Amino acid sequence: MEDYFSQPLADLERDQRPELSYQVGVTLENTEKPKCAVDEPCLNVIARLDPSERPLDISGHYPDPKCRFFWKMSTPPPYKTDYPALNAPNVIPQAPKLSGIWESVMEKWGRSMKDAVENVAEMDAGKYGPHLLAPTASDLTTYGRKDTILAGFHTDLNCLTIHGRSRFPGLNIWARNTGKRISVRFPPTGRFLLVQSGKQIEHLTAGLIKAGYHEVVVNDATIQTIAKRKVSHPDRPLIRISSTFFWHLSSDYDLAPISSLLGRAKSLHATEPEESLEGLYPSMKVGQQVQK
């Protein structure tokens with residue numbers, strides 16, 4: 001993946017599919033903006049955090065300096081979907097050194113990640129979901145200064161997100177029960193993965209399971225790893241690769257809170273003068289939720 005993302009810009013641009021809202025192929029750096037910067041509920045979450053636990057400032061609403069490749073890992077539905085852009089065919093890079101091996105590598109990697117997340121939660125509603133293997137790159141030669149935001153504070157819109165180990169630290173998550181910021185650290189050896197909840201499972205559970213907030217930044221540990229990597233692998237690109245997989249519900253599935261969980265959520269919030277849970281989590285197609 002380092003070799004792919006270190007290609008000349010003109011080569012990467014051939015793999016873009018903006019007409020499909022970048023749902024397959026590459027999304028170049030400085031394209032995606034963290035939605036939280038202009039989302040009042042999200043800004044309220046930040047305001048309620050202790051100042052020492054808040055994410056790096058995203059109020060400028062600058063685009064993230066990350067580059068991402070989406071590779072579909074979905075089973076084509078046996079019906080005509082109302083959301084063809086979310087179920088488009090994959091893109092194979094044209095570079096000769098990559099084109100011949102790309103599909104087999106991505107399929108093997110994607111199957112491993114998909115199998116892992118489905119061991120956590122398997123739902124019929126996700127059988128035909130437009131699941132995405134989404135390796136994400138940050139050029140630390142250009143964006144390697146301390147406190148650079150690589151991916152601004154946000155939640156994921158899908159159902160479950162699974163992360164593998166990155167060579168470079170920088171992922172922060174927030175504990176919803178304490179508001180504490182946690183720097184993610186995998187044990188130095190062994191096969192470990194991090195699973196985060198997304199907006200779709202929050203919707204299904206009427207908020208009993210909340211989508212997890214996270215950010216990716218350059219911190220002291222990132223800078224220390226950059227220095228070590230320059231010595232140990234001087235000929236390799238200084239590119240942070242996030243091994244990420246987005247597990248989705250099927251695009252045509254009716255997304256609404258499960259009735260038993262909605263009742264439980266209402267009992268927990270009976271005295272709170274907030275918007276109704278039906279208003280917070282209205283019934284809609286998953287494809288509508290993704291395209292909002």
Side-chain angles (χ1 to χ4, degrees), residues 1-9 12 26-34 36 53-58 62-71 93 98 102 105-106 108-110 112-113 116-117 132-156 161-175 180-196 212-246:
M1 294 312 302
E2 293 168 350
D3 292 332
Y4 174 79
F5 287 112
S6 62
Q7 292 182 103
L9 179 61
L12 292 172
V26 75
T27 304
L28 297 178
E29 62 185 41
N30 298 314
T31 298
E32 294 183 335
K33 291 184 176 181
C36 186
E53 303 295 341
R54 289 175 185 167
L56 291 184
D57 184 16
I58 56 172
Y62 300 113
D64 290 334
K66 67 176 188 286
C67 189
R68 170 176 284 163
F69 195 98
F70 276 169
W71 180 264
L98 296 170
W102 191 260
V105 169
M106 298 297 274
K108 181 178 179 181
W109 184 9
S112 296
M113 300 287 275
V117 75
L132 291 164
L133 176 63
T136 305
S138 301
D139 182 355
L140 297 176
T141 300
T142 304
Y143 303 108
R145 296 182 62 182
K146 186 181 178 184
D147 292 340
T148 297
I149 299 173
L150 303 177
F153 187 74
H154 68 287
T155 59
D156 294 335
T161 300
I162 189 165
H163 298 277
R165 186 194 310 273
S166 174
R167 289 195 176 107
F168 297 91
L171 174 62
N172 292 326
I173 60 176
W174 271 260
K180 298 291 185 182
R181 182 180 62 241
I182 301 168
S183 180
V184 173
R185 297 179 182 177
F186 285 89
T189 59
R191 302 172 66 185
F192 297 94
L193 297 165
L194 170 70
V195 178
Q196 288 185 291
Y213 284 99
H214 52 290
E215 68 175 1
V216 182
V217 301
V218 177
N219 56 28
D220 288 332
T222 318
I223 291 173
Q224 292 169 9
T225 305
I226 290 172
K228 292 177 182 177
R229 187 79 178 163
K230 285 179 177 179
V231 174
S232 62
H233 295 79
D235 299 326
R236 296 299 300 156
L238 281 173
I239 295 178
R240 183 188 189 276
I241 302 294
S242 170
S243 177
T244 303
F245 189 96
F246 298 121

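In what follows, residues are counted from 1 in the order of the sequence shown. Just so you know, these numbers come straight off a predicted model, no measurement behind them.
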side-chain contact (heavy atoms from CB on, under 4.5 Å) between L98 and V105, intermediate numbers included: CA-CA 10 Å; L98 296 170; V105 169; over 6 Å; no

Residues which pass side-chain hydrogen bond (donor to acceptor under 3.5 Å, both in side chains) with S166, listed by chain and number, not counting sequence neighbours: none

Shortest non-hydrogen contact from S138 toward K66: OG-CB, 4.0 Å

Reported CE-to-CH2 distance for the pair M1 and W109, which is rounded to 0.5 angstrom: 5.0 Å

From CZ (F246) to CG (L133), nearest 0.5 Å: 10.0 Å

Non-neighbouring partners of T142 that pass side-chain hydrogen bond (donor to acceptor under 3.5 Å, both in side chains), sequence neighbours left out: D139

Interatomic spacing from CD in E32 to CG in D64 - rounded to 0.5 Å: 7.0 Å

Qualifying ring-ring contact (aromatic ring centres under 6.0 Å, His included) pairs, either residue in residues 213-240, two or more places apart: F153-Y213, H154-H214

Closest non-hydrogen atom pair, T225 against P169: OG1-CD, 3.3 Å

For T27, all residues meeting side-chain hydrogen bond (donor to acceptor under 3.5 Å, both in side chains), sequence neighbours excluded: none

Note, H163 side chain near V184 side chain (heavy atom, < 4.5 Å): no

From Y4 atom OH to I241 atom CD1, the distance as rounded to the nearest 0.5 Å: 11.0 Å

Nearest heavy-atom neighbours spanning I223 and G144: CG1-O, 4.0 Å

With sequence neighbours excluded, residues passing salt bridge (charged side-chain N to carboxylate O under 4.0 Å, His left out) with D57: none

Closest contact, heavy atoms only, N172 versus S183: OD1-CA, 3.5 Å

Any residue meeting side-chain hydrogen bond (donor to acceptor under 3.5 Å, both in side chains) with W102, in chain and number order, not counting sequence neighbours: none

Under the salt bridge (charged side-chain N to carboxylate O under 4.0 Å, His left out) test, residues paired with R240 that sit two or more places apart: none

Of N219, V218, V216, V217, the residue whose pairing with L56 passes side-chain contact (heavy atoms from CB on, under 4.5 Å): V217

Derivation of the side-chain contact (heavy atoms from CB on, under 4.5 Å) call for T31 and R68: CA-CA 10 Å; T31 298; R68 170 176 284 163; over 6 Å; no

Value rounded to 0.5 Å, distance of CG in L150 from OG in S242: 10.5 Å

Residues forming a disulfide (SG to SG under 2.5 Å) with C67, sequence neighbours excluded: none

For Y143, all residues meeting ring pair (Phe, Tyr, Trp, His ring centres under 6.0 Å), sequence neighbours excluded: none

Residue pairs passing the salt bridge (Lys or Arg N to Asp or Glu O under 4.0 Å) test where at least one lies in residues 212-221, sequence neighbours excluded: K146-D220

Non-hydrogen atoms of P135 and F5 that approach each other most closely: O-CZ, 3.6 Å

Interatomic spacing from CD1 in I182 to CG in L171 - rounded to 0.5 Å: 10.5 Å

4.5 Å side-chain heavy-atom contact, W174 and P55: yes

Heavy-atom pair of closest approach, residues R229 and L238: CG-CD2, 3.9 Å

Residues in salt bridge (charged side-chain N to carboxylate O under 4.0 Å, His left out) contact with K180, at least two apart in sequence or another chain: E53

Partner residues of R167 under the salt bridge (charged side-chain N to carboxylate O under 4.0 Å, His left out) criterion, sequence neighbours left out: E2

